[in-house]
Trainee: 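Below: one structure in structure tokens.
Model, not experiment: these values are computed from the prediction.
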Amino acid sequence: MNFNIATWMMLFFILFMIIGLWKIYAFLPNRELADDDMTRSSQEELMQLMLKVIKENEDTITPAELYEKMKSDADFDAKHFWRFNQNRVNQLLELYYLQNPHVSLLLHKHPREEGEM
């Protein structure tokens with residue numbers, strides 16, 4: 001059987017296309033990771049913890065204080081929420097405000113008002 005150059009090119013193209021697609025598939029996330037804190041259930045868990053801490057402090061807490069108190073709470077799973085930071089608290093607050101536009105949970109103090117710079 002005698003193959004011309006176009007046939008060889010087509011065979012190699014198909015072979016390398018299959019290899020390329022397999023490599024793309026291998027790097028796509030196929031399952032949920034055990035420590036993924038961006039899932040809906042993890043977000044709801046953090047939201048409930050945030051509301052609990054706010055209720056315990058009678059709505060007189062700043063976002064920075066909220067972050068510290070959430071991290072020190074007994075219900076906080078530091079191993080699961082290993083990426084938890086101040087920005088995540090701000091995102092949770094914004095999400096709560098968007099879902100409940102009639103609610104104002106925290107006193108947002110400007111650093112100049114607190115005497116900080």
Trainee: In Å and rounded to the nearest 0.5 Å, what is the CD1 to CZ distance from I19 to F12?
Mentor: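 Interatomic distance, I19 CD1 to F12 CZ, rounded to 0.5 Å: 10.0 Å.
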
Trainee: When you group the ILVMFWY residues by side-chain heavy-atom contacts below 4.5 Å and let the links chain together, are I18 and F13 in the same group?
Mentor: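 Linked within one cluster.
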
Trainee: Nearest 0.5 Å, please: how far is CG in L46 from CG in D75?
Mentor: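 CG of L46 is found 11.5 Å from CG of D75.
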
Trainee: Within the 4.5 Å heavy-atom criterion, are F81 and K71 side-chain neighbours or not?
Mentor: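 No; the side chains remain at least 4.5 Å from each other.
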
Trainee: Quick check: does any side chain N or O of N85 sit under 3.5 Å from a backbone N or O of N87, one acting as donor and the other as acceptor?
Mentor: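 Yes.
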
Trainee: Q86 and N90: side-chain donor and acceptor closer than 3.5 Å?
Mentor: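 Yes - a donor-acceptor pair under 3.5 Å links their side chains.
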
Trainee: For residues L95 and V103: do they belong to one hydrophobic cluster (side chain heavy atoms under 4.5 Å, members Ile, Leu, Val, Met, Phe, Trp, Tyr)?
Mentor: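 Yes, L95 and V103 fall within the same hydrophobic cluster.
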
Trainee: Do the side chains of E45 and D37 get nearer than 4.5 Å, heavy atoms only?
Mentor: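 SC-SC contact between D37 and E45 ruled out.
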
Trainee: Over all heavy atoms of both residues, which pair between L92 and M47 is shortest? Give the atoms and the distance, please.
Mentor: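 Minimum heavy-atom separation between L92 and M47: O-CE, 3.7 Å.
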
Trainee: Quick one: does any side-chain atom of N4 pair with a main-chain N or O of T7 as donor and acceptor, under 3.5 Å?
Mentor: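 Pair found, side chain donor or acceptor close to backbone of T7.
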
Trainee: Taking W22 as the starting point, is it possible to reach F27 by hopping between hydrophobic residues whose side chains are less than 4.5 Å apart?
Mentor: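 The answer is no; the residues belong to distinct hydrophobic clusters.
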
Trainee: Do R88 and M38 have side chains that get closer than 4.5 Å, going by heavy atoms?
Mentor: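 They are in contact (side-chain heavy atoms under 4.5 Å apart), so the answer is yes.
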
Trainee: With the side chain counted from C-beta on, respond yes when K69 and E56 share a heavy-atom pair under 4.5 Å apart, and no when they do not.
Mentor: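 Side chain of K69 against side chain of E56, heavy atoms only: no contact under 4.5 Å found.
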
Trainee: With the side chain counted from C-beta on, respond yes when M50 and L93 share a heavy-atom pair under 4.5 Å apart, and no when they do not.
Mentor: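 Result yes, sub-4.5 Å side-chain heavy-atom pair found.
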
Trainee: Nearest 0.5 Å, what's the CG-CG distance between L49 and D73?
Mentor: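 So the gap between those two atoms works out to 5.0 Å.
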
Trainee: Evaluate the ring planes of F3 and W8, with Trp represented by its six-membered ring, and classify them as parallel (under 30°), tilted (30 to 60°) or perpendicular (over 60°).
Mentor: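 Perpendicular, since the angle between the ring planes exceeds 60°.
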
Trainee: Looking only at atom types and distance, does a side-chain atom of E65 sit under 3.5 Å from a main-chain N or O of T62, one as donor and one as acceptor?
Mentor: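 Checking the backbone N and O of T62 against the side chain of E65, a donor-acceptor pair under 3.5 Å is found.
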
Trainee: For residues M17 and M10: do they belong to one hydrophobic cluster (side chain heavy atoms under 4.5 Å, members Ile, Leu, Val, Met, Phe, Trp, Tyr)?
Mentor: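 Per the 4.5 Å side-chain linkage, M17 and M10 are co-clustered.
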
Trainee: Just verifying a value: how many Å separate Y97 OH and H102 NE2, rounded to the nearest 0.5 Å?
Mentor: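 So the OH of Y97 and the NE2 of H102 are separated by 12.5 Å.
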
